[in-house]
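Report on one structure; see the data block that follows.
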Protein chains: 2
Amino acid sequence: MFKRAKQSRVFQDVVDQIQDAVLNGKLVPGTKLPPERELKDIFNTSRGTLREALRVLEQKGLIEIKLGVSGGAIVKRIDAEPVVESLALLIRSGGVSLEHLAEFRIKIEGSLVELAAARATKKDIKELEALFNQAKVYYEKNDWENFLKTDEKVHTFIGTMTRNPVFQFVQKTIHDNIHRYYAEYLPMNKERTLENLTDFEKIIDAMKVNDAKTASAIIMDHVKRFSDKMQEKINGNSK
Amino acid sequence: MFKRAKQSRVFQDVVDQIQDAVLNGKLVPGTKLPPERELKDIFNTSRGTLREALRVLEQKGLIEIKLGVSGGAIVKRIDAEPVVESLALLIRSGGVSLEHLAEFRIKIEGSLVELAAARATKKDIKELEALFNQAKVYYEKNDWENFLKTDEKVHTFIGTMTRNPVFQFVQKTIHDNIHRYYAEYLPMNKERTLENLTDFEKIIDAMKVNDAKTASAIIMDHVKRFSDKMQEKINGNSK
DNA sequence: AATATCGAATGGTTTAACCATTAGCATAGT
DNA sequence: ACTATGCTAATGGTTAAACCATTCGATATT
């Protein structure tokens, strides 16, 4: 009938109060909180306890702390970083394998490109073409590192084209976490890079006429092909 | 060229050491860390600083802290909770609207059901049928609250059927966050509940023969229909 | 005017003490 | 013998006061 009375931890109360203030818009990003020695009086707590609260808020990505005079806790604009980080932890702890990630990525990136293609503006296409030309230069110079970086930018940019922040941060999270495997298991060469570049060109063509289905099919095939290659590589190495 | 040398914060070093130990398997879930008063000596720090480190580790979901004698910090099995929580924060902070969520959900749940249907075992089907019968009872008793809870269980269970933890936690996160809107904007009635039940039956039928495409199409239509209704309701109310 | 120096504000850390919760044990009462 | 009560010690939670380290701006010096 009754719930166990939650044992209050003072720092948790402080965390909740500040978090609520941020979520209610009472504390807007950029606001500087009072110095610790004042905050501790406001919340009627000790500095140690207050600092535990600040650590939690910092970890949640709600505040950022600067040193020195005129330093202090500043309310941050909430971004996807804590999500990315905690997912990375989950992955690294072994709860998620490369296969799991790749399987998810194939599905999600197909849908994502479909949306992006449907909503592509002329400005988007121009931006994509600029990235394509950049990638082409790196391809010709055999500069794999910068090629990959540009490839990364392309994926991120297509994410923004969806105009949907959920897709955007999922895209970012997946790529942040999958990149580690790529660098380790899928060394680039001229042939593979060209393949990548060709797929890219096809997608831009499909997007130019807002052909969502085609664009989606190409990216799904692209992701699947690269994932399979990486999987082969891993299986091969482990034998 | 160089990065600014990160100003060392002692508690961060403690966090890193313990986190690394967990990720390297040197500390397995269930292990109890020494009491604070010993840990502070081990790391050669003060108790306050050590506790700041523990707060961060707790927030990351790496440890859990129990009170009283034989209490202390216990290494946890890392789960999706921190990911779900930080994503919820991102959503609640206003970066994500219901439309964004619904759009994402339509796509992801289609793919998810497709996978689940392809991998459905007889045991899975039995479990789904049990949930279906339970939902039917609540439908007949006009018990909307429990009907919705069961509906929630169905979605979660279909998530587990994918055998892919990424899909599982995305499904959980989306539903955790969308549920708030549902309860507020989409009051259930006999007609709507029946519609829900009918869709559910169709999906089970498709899954019985591992017809992934059909199952996927049904759920996408289902989610889209309910999202549209909710959207209407919201637009109507706000006018 | 440019540069060097210093001081104050502010986060980072330490220490030592006390409070609150809990598990286990000892004791008393039946 | 068994149960219930209460005591004790271990452990996390909190407080307080002091000092260190970093940074910015004011002031002095050249």
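Sequence lines set the chain letters: A, B, ... in the order given, protein chains first and strands last, and positions in each chain run from 1. What you see is a predicted model, and the numbers here were worked out from it, not measured in a lab.
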Length of the [atom1]-[atom2] vector between [X] and [N], whole Å:
X	N	atom1	atom2	value
B:Lys40	D:dG13	NZ	P	16 Å
B:Leu67	C:dT22	CG	P	6 Å
B:Asp41	C:dA16	CG	C1'	14 Å
A:Asp13	D:dG13	CG	P	15 Å
A:Gln12	D:dT14	CD	C1'	15 Å
B:Ile65	C:dA20	CD1	P	20 Å
A:Lys66	C:dG12	NZ	P	13 Å

Closest approach to the side chain of [X], judged atom by atom: which nucleotide of [options] is it?
X	options	answer
B:Glu36	C:dT13, D:dG12, C:dG12	D:dG12
A:Pro35	C:dT13, C:dT10, D:dA9	C:dT10
B:Ser46	D:dT14, D:dT23, C:dT13	C:dT13
B:Arg51	C:dG12, D:dC24, D:dT14	D:dT14

Legend entry - Backbone of A:His155 reached by a side-chain donor or acceptor of A:Gln171 within 3.5 Å: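 Indeed, once roles are kept as given, a pair shorter than 3.5 Å links the two residues.
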Legend entry - Flag, side chain of B:Asn133 to backbone of B:Glu129, donor-acceptor distance under 3.5 Å: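 Yes.
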Legend entry - Under 3.5 Å donor-acceptor pair, A:Arg47 side-chain atoms to C:dG12 base atoms: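 By the distance-only test, yes, there is a pair.
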Legend entry - Distance, nearest 0.5 Å, that separates NZ of B:Lys122 from CD1 of B:Ile125: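 Output value for this atom pair is 10.5 Å.
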Legend entry - Position toward the 5' end of DNA chain D (nearest nucleotide), B:Gly71 or A:Glu52: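 First, find each residue's nearest nucleotide; the 5'-ward one identifies B:Gly71.
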Inset, instruction - Tell me which of A:Arg37 and A:Leu50 sits closer to the 5' end of DNA chain D, going by the nucleotide each one is nearest to. - result: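 On the 5' side of the pair lies A:Leu50.
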Inset, instruction - Ignoring backbone atoms, test whether A:Thr45 places a side-chain nitrogen or oxygen under 4.0 Å from the OP1 or OP2 oxygen of D:dT15. - result: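 Yes, such a contact exists.
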Legend entry - OP1 or OP2 of C:dG24 under 4.0 Å from side-chain N/O of B:Ser70: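 Result: no.
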